[in-house]
Amino acid sequence: MTEPLSARELFRAAYENRYTWDSNFPGYSTDITVKQGDRLYTGKARINHDLTYDITDVSDEQAQDLIKGQVWEIAVHRVRKPFEETHGKNIFELGETDETGAVAIAVSGKAMGDGYKVRDNVVSLVHRHIHGVVVTINTFSTIDTGEGYLAERYDSVYRDASTGELKGSSQSEDTYEKIGGYYIITRRVITEDKQGETVVTEYGFSNIKLLTPVAV
């Protein structure tokens with residue numbers, strides 16, 4: 001009989017199953033379009049080998065922050081950080097299993113109050129305190145790349161950490177393509193509820209070209 005995994009082992013396995021770019025990732029350049037209602041913006045971005053990034057040729061100042069936010073998110077979620085570096089000071093405790101088979105994991109220690117759910121070696125829920133805001137992300141479907149999973153459909157809810165007041169919510173759907181051995185996002189659609197109004201923003205990433213590796 002196999003001994004059940006501890007909370008730490010269960011979460012670590014799912015954490016290490018996320019798709020990330022390896023140390024040989026050369027970076028890439030891409031053209032970007034942003035469609036929001038009847039408005040269309042364009043720009044260009046470059047994500048470098050070290051996952052720093054540059055944004056150029058943005059057609060409208062209002063689109064600068066939108067594009068910058070998305071490029072930052074793309075880069076930060078592909079960073080490969082050792083589990084102990086990120087979670088070494090956290091303590092994990094198993095909770096209940098919900099009707100979908102997801103196991104709740106409570107966190108204490110450095111990240112006291114955070115929590116996760118793990119199902120089928122995937123982190124299906126993230127509940128984190130970040131700069132006075134509680135962010136809860138539910139992942140509904142994923143892409144199995146053979147080298148880890150990528151979130152495909154997910155929603156995000158933001159609340160004030162002190163009052164619990166709802167600050168915002170969104171639903172997202174991502175599309176990826178394997179280019180030169182690396183999975184790279186080609187489309188992201190975000191549907192947000194802003195003061196009772198539904199706002200849909202569609203990001204397109206095209207003309208994607210891997211950069212030439214830097215000689216050592």
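Sequential numbering from 1 along the given sequence is applied to the chain's residues. Excluded from the calculations below are hydrogen atoms, water molecules and symmetry mates; all remaining heavy atoms, backbone and side chain alike, are included.
Remark: D38 CG to Q36 CD distance equals 10.0 Å, nearest 0.5 Å. The CG atom of D155 sits 7.5 Å away from the OG atom of S170 when rounded to the nearest 0.5 Å. The NZ atom of K167 sits 13.0 Å away from the OH atom of Y158 when rounded to the nearest 0.5 Å. The OG atom of S29 lies 6.5 Å from the NZ atom of K209; values are rounded to the nearest 0.5 Å. Taking CZ from R188 and CG from D174, the interatomic distance works out to 4.0 Å, rounded to the nearest 0.5 Å. Atoms CG and CD1, on N207 and I32 in that order, are 11.5 Å from each other to the nearest 0.5 Å.
The main-chain N or O of V122 is never found under 3.5 Å from a side-chain atom of D120 such that the two would form a donor-acceptor pair. In this structure a side-chain-to-backbone donor-acceptor pair under 3.5 Å is present from R78 to Y19. Counting only distance, with no hydrogens or angles, the side chain of S59 and the backbone of T42 share a donor-acceptor pair below 3.5 Å. Looking at N48, its side chain never comes within 3.5 Å of a backbone N or O of L51 through a donor-acceptor pair. Side-chain atoms of S156 do not come within 3.5 Å of backbone N or O of S169 as any donor-acceptor pair. A donor-acceptor contact shorter than 3.5 Å links the side chain of T186 to the backbone of T175.
In this structure, a donor-acceptor pair under 3.5 Å is absent between the side chains of N121 and Y149. In the model, T191 has no side-chain atom that pairs as donor or acceptor with a side-chain atom of Q171 under 3.5 Å.
At a threshold of 4.5 Å between side-chain heavy atoms, the hydrophobic network of Ile, Leu, Val, Met, Phe, Trp and Tyr places V76 and F83 in two separate groups. Under the 4.5 Å side-chain heavy-atom criterion for ILVMFWY residues, no single connected hydrophobic cluster contains both I74 and V135. One hydrophobic cluster holds both I179 and F25 under the rule that ILVMFWY side chains link at heavy-atom gaps under 4.5 Å. Both V133 and Y116 sit in one connected hydrophobic cluster of ILVMFWY residues. Membership requires side-chain heavy atoms under 4.5 Å apart, directly or through other members. Note on V79 and V71: same hydrophobic cluster, where clusters join Ile, Leu, Val, Met, Phe, Trp and Tyr whose side-chain heavy atoms are under 4.5 Å apart, directly or indirectly.
Residue E96 places its CD atom among 12 or fewer non-hydrogen atoms of other residues, nucleotides or ligands, all under 6.0 Å distant. Heavy-atom neighbours of E16 CD from other residues, nucleotides or ligands within 6.0 Å: above the threshold of 12.
Side-chain contact between I47 and I184: absent, with no pair of heavy atoms (C-beta onward) separated by less than 4.5 Å. Proximity of I190 to Y203: side-chain heavy atoms (C-beta onward) are separated by under 4.5 Å at one or more points. The shortest side-chain heavy-atom distance between F11 and V107 does not fall under the 4.5 Å cut-off. Counting heavy atoms from C-beta on, the side chains of T142 and E152 never come closer than 4.5 Å. For the pair F205/Y28, no side-chain contact is recorded, criterion being any heavy-atom separation below 4.5 Å from C-beta on. Residues I185 and Y176 are in side-chain contact: their nearest non-hydrogen atoms beyond the backbone lie under 4.5 Å apart. Counting heavy atoms from C-beta on, the side chains of K68 and Y53 come closer than 4.5 Å. Residues H49 and L211 form no side-chain contact, since every pair of their non-hydrogen atoms from C-beta on lies 4.5 Å or further apart.
Tested against N138, the residues L125, V126, V157 include a single side chain to side chain contact (heavy atoms under 4.5 Å, CB included) partner, L125. Here the options are K81, E147, R80, the test is side chain to side chain contact (heavy atoms under 4.5 Å, CB included), and the partner is T20; only R80 passes. Shown are H127, H129, H87; of these, the side-chain hydrogen bond (donor to acceptor under 3.5 Å, both in side chains) with D114 is made only by H129.
When all heavy atoms of P26 and L210 are compared, the pair lying nearest together is CG-CB, 4.1 Å. Across all non-hydrogen atoms, the minimal contact from A151 to T139 is CB-CG2, 4.1 Å. Taking both residues in full, the closest heavy atoms of A63 and V58 are given as CB-CG1, 3.9 Å, listed atom of the first, atom of the second, then distance.
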Practice problem: Determine, stepwise, if the pair Y182 / N24 fulfils side-chain contact (heavy atoms from CB on, under 4.5 Å). | Solution: CA-CA 10 Å; Y182 294 96; N24 295 319; 3.7 Å; yes
Exercise. Quick one: do R8 and E84 satisfy salt bridge (Lys or Arg N to Asp or Glu O under 4.0 Å)? Show the steps, please.
Key: CA-CA 11 Å; R8 188 177 197 84; E84 289 301 328; 3.5 Å; yes
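Side-chain heavy-atom separations under 4.5 angstrom define the hydrophobic clusters, and the remaining members of the one that includes V189 are V200.
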